[in-house]
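Notes for the one structure printed next.
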Amino acid sequence: MSSSVETLEFQAETRQLLRLVIHSIYSNKDIFLRELISNASDALDKLRLESLTDSGIAEIDTGDLHISLEVDQDARTLTVRDNGIGMSRDDLVDLIGTIAKSGTAGLLEKIKESKDAATAENLIGQFGVGFYSAFMVADKVTLRTRRAGTESGTAWESDGEGAYTIQAVEGLPVGTSVTLHLKPADSEDGLADYLSESKIRQIVKQYSDFIRWPIRMATERADAEGEPTRDVDTLNSMKALWARPRTEVTEDEYNEFYQQISHDWLPPAETIHMRAEGTFEYEALLFIPSQAPFDLFSRETKRGVQLYVKRVFIMDDCEALMPDYLRFVKGVVDAHDLSLNVSREILQHDRQIRGVRRRLVKKVLGALKNMQSKDAERYANVWAQFGRALKEGLVEDTDSTEALLELVSAASTHDPERTTTLREYVERMKDGQEAIYYLTGESRAMVENSPHMEAFAAKGYEVLILTDPVDEVWVDRVPGFDGHRLQSIAKGQVDLDASADGDQEADAEKAQREQDFAALLPWLTTTLSEQVKQVRLSSRLTTSAACIVGDAHDVTPTLEKMYRAMGQHMPTVKRILELNPTHPLITALRAAHDANADDPALAEIAELVYGGALLAEGGDLPDPARFTRLLTERLTRAL
């Protein structure tokens, strides 16, 4: 039996908002089914909870809570049905009528101010009007519901235009059914055939696969004899691994899920399963891959993890939850307290999401540190694959500098076969050594053969060999590690003897050399003024005649090239030419200058000394043809 039908008019503001929702807000119309299934799932959750606390509905059978999708091809209807908590008439007016509550005017004003549909959609999402997305695909929506613990039900119906009807209905089962009278398929308007079994399966798989309740649909199949039979299939897997205790999930299940979301057929190097409770609840299941994807350093690389809200899929590649330097991390974050229609823009400015991001980063870096200490071989492989990306974090994420420095693994002169951590380097430092020495370059061979290495090799000081482009940047951003500053052996003054106790004999020898070269050094500085800003004696050379170094805070030539390659203007930085006072070429040049400072051949020799030093560090000659001519002429005279 049914009571009389009551017809109510939508308010003018509500009609405007409905038109926006139906005609211009949502770019992806498939999400209507996501919204309705999510509402049904919430109703099932509420019934399960209230059946435990409310004696009035405790006798209701909750053993087969589920969601049903029903297709009627003849009537062109799609029904989403649940046997959840249901709604009373007052609930229906309050919940479905939320769109007409106060605040609608403010929402409309913001939508009018927005300049595009995407911004408007973000605003709609904040007001929770997902139910009305059904009108994007339906000419009419009929909702029939009965609340658990009540005797009568209620029917609500609207075409989404000017009015809706509401009436009491007897004999309804507990729960809610939403029937959509579908519009014809229209590819130009983004309307798919939502009566198609394959389309329904695809939407459920994409958005609602991990809903905890079974989503069922009756389908027709032909039996072995060709006769039609009707079977009921469960469309979703319900296997939300992140929502289960870690002890109940097998390694094979983790690997299978990782392969599903990453399309990587190798097992992950590490699995991180976490749950956070409190003011903002969420679960996370993250994976560190074993192998870097081919596009890890491509600008077009998609990054971020999948975002779910209460097991409902929201978006792929949620950048707000994972920093760029951890773009290789795959996984899922399931937040409990977000709107289903939360946008990327909203996430970027959400304080709680920023807090989740910090905790996820801390968890990933902690897992890597644990791997480093417990399984060095596995960590070495992970660092080889992702170390270059991780070092970007030393530039981007100042809050995680200490944690990232603990993870840094670099080649060094200590062992040609294996890398070292900064912690291991510090433990091997010589007594009195204050700095962590390093040298950047294009390859290990180039760094090892650099003139800057000579004195360090001769005195047994370990030097880190940094050959990744990002190394040129982060070493200048990081103040130090464990109380020791990072010092480039190609920058500033380096006096290894200063680390030892004072030696009067060595000090006297040094003073004598400064006196011997007092005339040559200023002359060379003037002669090479176009190329260098100073010429001085070196304490870092043992076999080479000269080397070029920068001041402590100068940009390195490699970094200068990188900036220019990116289109940034960089002024030319003049560097310092250091001479080995014991090298025969340098002592002969000093003697020749002392004998005849006006000899024009001396300037050419000075050019050759500078050019040779530039080539030794892998630099580019400013005038290769001139250098070759001068060198050829000098060799010819020597023969």
Side-chain angles (χ1 to χ4, degrees), residues 2 5 8 10 14 18 21-22 26 29-47 65-73 75-100 128-148 150 152-161 163-169 171-183 191-196 199-200 203-204 207-208 211 213-218 235-236 310 312 340-341:
S2 301
V5 177
L8 303 174
F10 284 124
T14 307
L18 270 171
V21 173
I22 297 168
Y26 290 101
K29 293 180 169 54
D30 292 356
I31 66 167
F32 83 91
L33 189 53
R34 179 193 77 176
E35 299 286 337
L36 297 181
I37 290 175
S38 178
N39 291 344
S41 176
D42 288 344
L44 295 172
D45 288 337
K46 290 175 182 176
L47 178 60
L65 299 180
H66 63 277
I67 301 165
S68 296
L69 304 182
E70 302 167 5
V71 172
D72 187 327
Q73 295 285 351
R76 286 197 57 76
T77 62
L78 172 64
T79 299
V80 180
R81 186 186 306 277
D82 69 74
N83 56 348
I85 191 68
M87 290 178 281
S88 65
R89 185 187 187 283
D90 291 342
D91 291 335
L92 190 61
V93 171
D94 185 48
L95 295 174
I96 303 300
T98 301
I99 196 169
V129 294
F131 168 79
Y132 287 89
S133 64
F135 288 105
M136 295 187 300
V137 300
D139 291 318
K140 182 172 66 175
V141 176
T142 302
L143 186 150
R144 298 164 71 84
T145 185
R146 175 185 154 207
R147 179 170 174 83
T150 64
S152 64
T154 308
W156 179 99
E157 188 171 273
S158 175
D159 59 7
E161 291 295 331
Y164 60 93
T165 63
I166 191 166
Q167 69 178 126
V169 180
L172 292 181
V174 171
T176 301
S177 68
V178 181
T179 299
L180 284 66
H181 301 262
L182 294 171
K183 300 175 182 178
L191 279 169
D193 180 7
Y194 296 111
L195 296 173
S196 164
K199 182 61 179 177
I200 293 172
I203 296 174
V204 172
Y207 293 106
S208 308
I211 292 287
W213 309 109
I215 302 171
R216 298 171 182 166
M217 183 170 68
L235 305 185
N236 59 324
K310 291 185 285 189
V312 177
L340 289 184
N341 294 309

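Being a predicted model, the structure only gives us computed values, none of them experimental.
Distance check: Leu47 CG to Asp42 CG gives 12.5 Å after rounding to the nearest 0.5 Å. Once rounded to the nearest 0.5 Å, the distance linking CD1 of Ile67 with CD1 of Ile211 reads 6.0 Å. Taking CG from Asn39 and CE from Met87, the interatomic distance works out to 8.5 Å, rounded to the nearest 0.5 Å. Atoms OG1 and CG, from Thr77 and Asp72 in turn, are 4.0 Å apart once rounded to the nearest 0.5 Å. Rounded to the nearest 0.5 Å, atoms CG (Leu36) and CG (Leu180) are 6.0 Å apart. Of the inter-residue distances, the one linking Lys183 atom NZ with Asp139 atom CG reads 6.0 Å to the nearest 0.5 angstrom.
The shortest heavy-atom contact between Thr154 and Ser88 is OG1-C, 4.2 Å. Residues Ala155 and Arg144 come closest through the heavy atom pair CB-CG, 4.2 Å. Taking each heavy atom of Ala192 and Lys199 in turn, the nearest pair found is CB-CE, 3.6 Å. Of all non-hydrogen atoms in Ile37 and Ser208, the two that sit nearest each other are CG2-OG, 3.8 Å. Annotation for Tyr164 and Ser158: closest pair CB-CB, 3.6 Å, computed over non-hydrogen atoms.
Between Tyr194 and Ile203, the closest side-chain pair of non-hydrogen atoms falls below 4.5 Å. Put simply, the side chain of Thr145 does not reach to within 4.5 Å of the side chain of Leu172, judged on heavy atoms. Counting heavy atoms from C-beta on, the side chains of Ser177 and Thr79 come closer than 4.5 Å. Taking 4.5 Å as the limit, some side-chain heavy atom of Ile31 sits within range of a side-chain heavy atom of Tyr207. Using a 4.5 Å heavy-atom cutoff, the side chains of Asp82 and Trp213 are not in contact.
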For this session: Kindly determine whether Val137 and Leu78 satisfy side-chain contact (heavy atoms from CB on, under 4.5 Å), including the steps that lead there.
Result: CA-CA 10 Å; Val137 300; Leu78 172 64; over 6 Å; no
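A search for salt bridge (charged side-chain N to carboxylate O under 4.0 Å, His left out) contacts involving Asp45 returns Arg212, not counting sequence neighbours. Taking Arg147 as the reference, Glu50 meet the side-chain hydrogen bond (donor to acceptor under 3.5 Å, both in side chains) condition, with sequence neighbours excluded.
Remark: side-chain polar atoms of Gln73 are paired, donor with acceptor, to backbone N or O of Leu195 under 3.5 angstrom. Judged by distance alone, the side chain of Asn83 and the main-chain N or O of His66 form a donor-acceptor pair under 3.5 Å.
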